[in-house]
There are 2 protein chains.
Amino acid sequence: MYCKYRMKPTINDIARIAGVSKKTVSRVINDSPLLTGETRDKVKAVIEQLGYVPNPQARALALGHNFLIGLVHDNPNAQMILNMQQGILEGLRGTEFAMVVQPVNRSSPSLVEDMREFIVRQRLYGIVILPPISENDAVAKMCVEAGCRYVRMGSAVLDESKHMVASNDRDAVKEAVRYLIQQGHKRIAIVTGPQGFRSATERLAGFEDAMTEAGMKLPRSHRAEGEYTFDSGLVATEQLLDLSPRPTAIFASNDEMAAAVLYAARLRGIAVPDELSIVGFDDTPIASRIWPPLTTVRWPIVAMGRSAAHKLIAGAVEEIDLEDEPTEFLSNLIRRGSVAPPKP
Amino acid sequence: MYCKYRMKPTINDIARIAGVSKKTVSRVINDSPLLTGETRDKVKAVIEQLGYVPNPQARALALGHNFLIGLVHDNPNAQMILNMQQGILEGLRGTEFAMVVQPVNRSSPSLVEDMREFIVRQRLYGIVILPPISENDAVAKMCVEAGCRYVRMGSAVLDESKHMVASNDRDAVKEAVRYLIQQGHKRIAIVTGPQGFRSATERLAGFEDAMTEAGMKLPRSHRAEGEYTFDSGLVATEQLLDLSPRPTAIFASNDEMAAAVLYAARLRGIAVPDELSIVGFDDTPIASRIWPPLTTVRWPIVAMGRSAAHKLIAGAVEEIDLEDEPTEFLSNLIRRGSVAPPKP
DNA sequence: TTGTAAGCGTTATCAT
DNA sequence: ATGATAACGCTTACAA
């Protein structure tokens, strides 16, 4: 047997069989530039032949960090988180990195300490932080202190390029509302997200941009605050549908609340889209499953996840160049059946 | 400074300050029974004081495995995976274990090798396998070979108790269909899941159980095969709604397809629930967001995840007793607006 | 360009 | 009951 106990081969096995020292093998693994092409080829052949894979735990110990990327989130929009996971894993594919997931409670007073604990315990190489936690600068500061790379995901650029993947919610919503205006809507209302969410602010700003551009005003009454949940959307919608004259279109700041707008309209016998047009945000699966299917904003979460992962590991993986990774990502409006011109 | 460079304290710092050897500290950490209470207390005090946490990477190297639990899935449905993650993390809370997630492609010819690679690379302590991959016995065999603990999640008990957390889909569906029959339905159809999914088989069997119990037959025409996707549900439903006389109730083997049944009914102007009752399975968020809200089967995914995690780490964590962990989990029927007695 | 020795933080072995 | 010493697999000085 070429190595003890039929276990996975170690660096020692490779060194012995290739007739070189451990360190030489280590140099091959780490693509050191100081090697003869000949030596390199010889060692690589043995590595290939034995199917040798370096032990990440040993490397972790020697290097002082693990080959783990953390994903920290709260606010489970299930599909968003799963898409993000998919994107990160795509970004990590082919490397020795793995992804560990950690949900946290954003309103816990120990949030920052909980995250530090997570980072330090697992000696994470880097973490991806999802909104709304990503908007917390104290968290970013803690990451630096803890010696952990980080990338924040957000609805606007909040940090240096290497620490950020961002959508542009403001422009995306502006385009969506512009579309409603083009359809002839005059009384357009918004269900906003909760205060303290940057995405809520951005989306509202985009809404106002479009209105201003068209010389229209957003009366305070046409603005109802939700909390990104279905139930809060229901409550906010009631408020808007009580108005007289009623809005002919409602932009809801996420799909969950847009589904609530639709639900509330149905409860009152208001026809969608004939009597009320609805636009959502996220393009979650629910948007295309309900009737009528929802016009909504789709943002490239998977691509953002992939890029976030790349930004984190660019320093460790030769093939990845930080310069190639975008910081801002474009959303686009998905037009479906929930919007129509207002009936006079 | 009590330890070099203000770094996290190591076992050496604890040993030095407590005036004992490394090994003694190690014994305290691992709850060795051979210690004086006095020594133990002294060491524990120092650990407490310095906030010492053992380095998982070093332990991993010494022990030959990592403190990582893997979650392997092939994206059956986003909410289910996220609930499972939540459950596993609840089960891991307070321990030194973390969860790493790995999606795989169930139809890849290299599925088993891909999973082995994942396990060996990260030296996983154990993995949780989600359906339908969990139904593959070759995967379980590979885990044993690779020296990795595993727990399979499934819709029926497929393995020894310590390797299994299972729902009882057959009984759950039986109860659901029994409910339809009680409401007076005579022509009940089913949209099944895809062949090769154990859950599909179980749910169909439960359907047939209820029919048989009531002395009813399931004609071949009342059975349409879907693939657990919205689009396949649409196609299957078309088939069923073309029948004459039309079924008065349809059980869809998951919510995604139940949403499709509702959607297809709406396209044809068939009123739900007055002209058609619908029952789904999963109780995903979509079930309560659509109109009318969906009567469906809810299964305790979070609890199953927690238990799966506990079964994996029971040997490593004193507080957890394998005997306390259930293997079968009960589902229950959530009654909402999509079911009504048939109109004559 | 390559090799040697020491060390990363922990556990296992075998003394005492 | 406790401790010295050698692993675990790899990397980083520092030599050669």
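Throughout, protein chains are lettered first and strands after them, A, B, ... in sequence-line order, and every chain is numbered starting at 1.
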Query raised in the report: Is Arg16(A) salt-bridged to Asp13(A), cutoff N-O under 4.0 Å?
Result: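 Answer for the salt bridge query: yes.
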Nearest-Å distance, [atom1] ([X]) to [atom2] ([N])?
X        : N       : atom1 : atom2 : value
Asn30(A) : dG9(D)  : CG    : P     : 17 Å
Ile11(B) : dA12(C) : CD1   : C1'   : 12 Å
Leu63(A) : dC8(C)  : CG    : C1'   : 9 Å
Asp13(A) : dC8(D)  : CG    : P     : 11 Å
Arg59(A) : dG7(C)  : CZ    : C1'   : 17 Å
Asn55(B) : dC8(C)  : CG    : C1'   : 8 Å
Asn66(A) : dC8(C)  : CG    : C1'   : 13 Å
Ile29(B) : dT10(C) : CD1   : P     : 6 Å

Expected rows: protein N/O vs nucleotides 1-4 of chain C N/O, under 3.5 Å:
residue	atom	partner	partner atom	Å
dT1(C)	O5'	Leu34(A)	O	3.1
dT1(C)	O3'	Thr36(A)	OG1	2.7
dT2(C)	OP1	Thr36(A)	OG1	2.8
dT2(C)	OP1	Thr39(A)	OG1	2.3
dT2(C)	OP2	Thr36(A)	N	3.0
dT2(C)	OP2	Thr36(A)	OG1	3.3
dT2(C)	OP2	Thr39(A)	OG1	3.3
dT2(C)	O4	Arg27(A)	NH2	3.4
dG3(C)	OP2	Ser21(A)	N	3.1
dG3(C)	OP2	Ser21(A)	OG	3.1
dG3(C)	OP2	Thr24(A)	OG1	2.4
dG3(C)	N7	Arg27(A)	NH1	3.4
dG3(C)	O6	Arg27(A)	NH2	2.7

Query raised in the report: Does some side-chain heavy atom of Asn30(A) sit less than 4.5 Å from a side-chain heavy atom of Arg59(A)?
Result: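 They are in side-chain contact.
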Query - Angle between terminal axes - the helix from dT1(C)-dA16(D) to dT16(C)-dA1(D), 5 pairs each end, rounded to 10° - result: 40°
Query - Contact under 4.0 Å: Asn12(A) side-chain N or O vs dG9(D) OP1/OP2 - result: no
**Report entry** ring pair (Phe, Tyr, Trp, His ring centres under 6.0 Å) contacts touching residues 107-136 of chain B (sequence neighbours left out)
**Finding:** His65(B)-Tyr125(B), Phe97(B)-Tyr125(B)
Quick one: list whatever passes side-chain hydrogen bond (donor to acceptor under 3.5 Å, both in side chains) with [X], sequence neighbours left out.
X         : answer
Gln85(A)  : Gln85(B)
Ser21(A)  : Thr24(A)
Glu113(A) : Arg116(A)
Ser155(A) : none

Could you pull out every donor-acceptor pair under 3.5 Å between side chains of residues 312-324 of chain A and any protein atom, sequence neighbours left out?
residue	atom	partner	partner atom	Å
Asp321(A)	OD1	Glu323(A)	N	3.0

Query raised in the report: Which part of the nucleic acid, if any, lies within contact of Leu61(A), taking any heavy atom under 4.0 Å across all strands shown: a base, the sugar-phosphate backbone alone, or nothing?
Result: base
Query raised in the report: With sequence neighbours left out, what residues match Arg198(A) under salt bridge (Lys or Arg N to Asp or Glu O under 4.0 Å)?
Result: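 Glu202(A).
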